[in-house]
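In this chain, residues are counted from 1 in sequence order. This structure is a prediction, so every number in the text was calculated from the model and none was measured.
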Amino acid sequence: GAHKAGAMMARLEGETIDRITALVESSRALSGVLALTLASTPSGELSASEMDALTELSYSIHLNLDQLEKIWAQAST
């Protein structure tokens, strides 16, 4: 539970915590842009290039989460 999580956090080095923080902040910003764009654009009004850009944004979030998962897995061992 909480003790295990605390012990794991204690093992994380400053550089790793900085990487995690940067990935979380980036994902939050990217997902915010994605959500605002989708929410403010009427259905069917996105061009192909805009859809490509939003797909790329979504994939960037996916990659950030993948990196976070790998960092967490390394910290857990």
Salt bridge (charged side-chain N to carboxylate O under 4.0 Å, His left out) pairs, two or more places apart, involving residues 67-77: Asp66-Lys70

Among pairs that include at least one residue of residues 15-44, which meet ring-ring contact (aromatic ring centres under 6.0 Å, His included), considering only residues two or more places apart or in two chains? none

What residues, two or more places apart in sequence or in another chain, satisfy side-chain contact (heavy atoms from CB on, under 4.5 Å) together with Ser49? Ser47

Between side-chain atoms of residues 51-58 and protein atoms elsewhere (two or more places apart, or another chain), which donor-acceptor pairs fall under 3.5 Å?
{"from": "Thr55", "atom 1": "OG1", "to": "Met51", "atom 2": "O", "distance (Å)": "2.8"}

Tell me whether Ser27 contacts the main-chain N or O of Leu23 through its side chain, where contact means a donor paired with an acceptor under 3.5 Å. yes

Any ring-ring contact (aromatic ring centres under 6.0 Å, His included) pairs touching residues 44-70, not counting sequence neighbours? Tyr59-His62

Would you check if Leu68 and Leu65 make a side-chain contact, meaning some heavy-atom pair closer than 4.5 Å? yes

Sequence neighbours excluded, every pair satisfying side chain to side chain donor-acceptor pair (under 3.5 Å) that has a member inside residues 28-46: none

Cluster overlap Val24 with Leu63, hydrophobic side-chain contacts below 4.5 Å: no

Pairs where residues 24-55 contributes a residue and the test ring-ring contact (aromatic ring centres under 6.0 Å, His included) is met, not counting sequence neighbours: none

Can you list every ring-ring contact (aromatic ring centres under 6.0 Å, His included) pair that touches residues 17-50, not counting sequence neighbours? none

Side chain to side chain donor-acceptor pair (under 3.5 Å) pairs, two or more places apart, involving residues 15-24: none

